[in-house]
Amino acid sequence: MAAPHRTRQPAELEMIGGKGTRQRCWEAIRARRDGFTLLDIAHKAAADIATTKTYLQALEKGGFIEVGNRERGGHDEKHYRLAKDNGLEAPRLTRDGQPVTQGRAQEQMWRTMRIMGGDFNYQELAALASTSEVAVSPVAARDYLKHLAHAGYVTVVAQGKGRGAGGVANRYRFNPGRYSGPRPPMVQRTKSVYDPNLGRVVWQEEADHDDL
DNA sequence: TTATGGTGCGTTTGAGCGGG
DNA sequence: CCCGCTCAAACGCACCATAA
């Protein structure tokens with residue numbers, strides 16, 4: 001918005017209302033599915049022109065939008081229209097229009113934990129969250145659980161008693177009351193946990209000031 | 001000792017932005 | 001309009017601590 005961001009910023013600063021730039025663009029597109037231009041979307045989504053253009057290119061290559069008639073006159077402004085409505089969530093695409101697999105692991109773990117209900121360790125979570133398309137590694141599950149436990153999304157039911165040959169891993173349990181939405185909480189580089197559903201940082205390394 | 005869990009660091013990939 | 005650079009998040013590996 002008013003911030004003259006020249007490059008990428010941490011998630012909590014880049015997200016506006018918990019929505020990324022592409023999400024806002026996608027919503028603007030769906031609002032004007034009949035016909036829209038680059039500037040139209042960029043203005044409505046409060047996004048940078050170049051960034052909007054990049055996403056429109058990806059959407060076009062992915063077949064989500066189509067180029068319609070050009071603007072009358074000498075302007076080179078393209079008129080797009082929505083070709084494939086993928087729902088509320090903005091399609092995550094690479095620059096070539098290919099679907100993005102990154103981030104799916106956490107999304108699947110987040111969803112799996114909410115469904116399973118009982119207690120589990122990281123290996124069980126990794127196995128259950130893995131699909132034929134996206135495999136969730138035990139390491140990823142372990143790391144994700146650690147941060148979710150700090151943020152209070154999961155509770156340690158049984159501490160990892162014993163290390164060694166007969167070691168038992170920590171057993172966690174998901175707190176249903178902490179389910180904030182479909183978007184999985186993300187672990188930021190600063191070792192803090194940001195919840196895109198709530199649109200704010202829910203845990204930081206030192207201060208645990210916030211409590212439901 | 002060895003094996004296993006936990007924690008930290010490095011690499012890879014995607015997203016934003018500017019220039020040609 | 002297309003290509004490249006930069007930065008942050010996700011993924012993965014390596015090291016450390018500890019119990020059998």
Side-chain angles (χ1 to χ4, degrees), chain A residues 1 3-16 18-26 37-39 41-42 45-62 67 70-71 74-80 90-110 120-126 129-130 133-150 154 156-172 183-196 201 203 205:
Chain A
M1 294 236 298
H5 44 280
R6 323 177 73 170
T7 182
R8 243 188 131 178
Q9 298 180 354
E12 75 266 20
L13 296 179
E14 194 167 283
M15 300 264 187
I16 300 177
K19 296 170 183 175
T21 303
R22 295 193 167 193
Q23 179 65 35
R24 298 199 306 275
C25 288
W26 178 249
T37 64
L38 165 64
L39 293 178
I41 298 302
D48 187 89
I49 304 291
T51 302
T52 306
K53 185 189 297 180
T54 301
Y55 189 45
L56 289 183
Q57 302 276 357
L59 286 173
E60 182 182 350
K61 290 180 180 178
V67 180
R70 280 175 173 268
E71 181 78 5
H75 281 76
D76 58 345
E77 240 184 349
K78 282 184 179 178
H79 267 199
Y80 298 92
R92 307 189 65 162
L93 303 172
T94 67
R95 197 167 299 196
D96 298 327
Q98 298 299 319
V100 172
T101 59
Q102 199 174 49
R104 286 289 178 80
Q106 292 182 346
E107 182 181 334
Q108 288 171 185
M109 282 189 287
W110 177 247
F120 51 88
N121 61 26
Y122 73 93
Q123 290 180 337
E124 294 167 357
L125 175 62
S130 293
E133 295 181 354
V134 180
V136 178
S137 70
V139 182
R142 187 169 59 182
D143 186 65
Y144 195 50
L145 278 174
K146 181 186 66 175
H147 289 96
L148 287 185
H150 285 151
V154 295
V156 178
V157 177
Q159 277 290 341
K161 302 154 192 160
R163 314 264 164 86
V168 178
N170 277 3
R171 295 199 73 81
Y172 297 91
R183 303 275 74 178
M186 53 175 62
V187 180
Q188 295 178 288
R189 199 178 186 87
T190 55
K191 301 303 178 189
S192 58
V193 178
Y194 174 81
D195 191 328
V201 177
W203 179 80
E205 191 167 7

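Chain A is the first sequence line, chain B the second, and so forth, proteins listed ahead of strands; every chain is numbered from 1. Here the structure is a predicted model, which means the values were calculated and not measured.
- Picking from B:dG14, B:dG5, C:dC11 the nucleotide with the shortest atom distance to the side chain of A:Gln106 gives C:dC11.
- Look at NZ on A:Lys146: it is 21 Å from P on B:dT4, rounded to the nearest Å.
- Comparing A:Val136 and A:Thr54 by the nucleotide of DNA chain C that holds the closest heavy atom to each, the one mapping nearer the 5' end is A:Thr54.
- Atom CG of A:Leu38 is separated from atom C1' of B:dG16 by 14 Å (rounded to the nearest Å).
- Each of B:dG16, C:dA10, B:dT7 was ranked by its minimum atom distance to the side chain of A:Arg142; first place goes to B:dT7.
- The shortest non-hydrogen separation linking A:Thr52 to A:Cys25 is OG1-SG, 4.0 Å.
- Contact annotation: A:Gln57 does not reach the phosphate of C:dC1 (side-chain N/O to OP1 or OP2, under 4.0 Å).
- Spacing between atom CE of A:Met109 and atom P of C:dC11 amounts to 7 Å, rounded to whole angstrom units.
- At whole-Å resolution of the value, OH in A:Tyr144 and C1' in B:dG8 are 19 Å apart.
- No contact: A:Leu145 has no heavy atom under 4.0 Å from any strand.
- We find that CG of A:Leu125 is positioned 14 Å from P of B:dG5, with the value rounded to whole Å.
- Across every non-hydrogen atom of A:Ala141 and A:Tyr122, the tightest pair is CB-O, 3.5 Å.
- At a threshold of 4.0 angstrom between heavy atoms, the contacts of A:Ala50 include nucleobase atoms, whether or not backbone atoms are also involved.
- The listed nucleotides are B:dG5, C:dG12, C:dC13; the one nearest the side chain of A:Ser137 is C:dG12.
- Rounding to the nearest 0.5 Å places OH of A:Tyr172 at 9.0 Å from NZ of A:Lys146.
- Both A:Lys53 and A:Arg22 lie near DNA chain B, and the one whose nearest nucleotide falls closer to the 5' end is A:Arg22.
- Look at A:Thr51 and you'll find a side-chain N or O under 4.0 angstrom from OP1 or OP2 of B:dC17.
- In this structure, the NZ atom of A:Lys61 is 10 Å from the C1' atom of C:dC3, given to the nearest Å.
- Phosphate contact (OP1/OP2 of B:dG16, side-chain N/O of A:Tyr55, threshold under 4.0 Å): absent.
- The side chain of A:Met186 lies closest to C:dA10, out of C:dC13, B:dG6, C:dA10.
- Residues A:His150 and A:Val193 have side chains not in contact (no heavy-atom distance under 4.5 Å, counting atoms from C-beta outward).
- The CD atom of A:Gln108 sits 14 Å away from the C1' atom of C:dA10 (whole-angstrom rounding).
- Protein atom CD of A:Glu107 is 18 Å distant from nucleotide atom P of C:dA9, rounded to whole Å.
- Not one N or O on the side chain of A:Gln57 forms a donor-acceptor pair closer than 3.5 Å with the backbone of A:Thr54.
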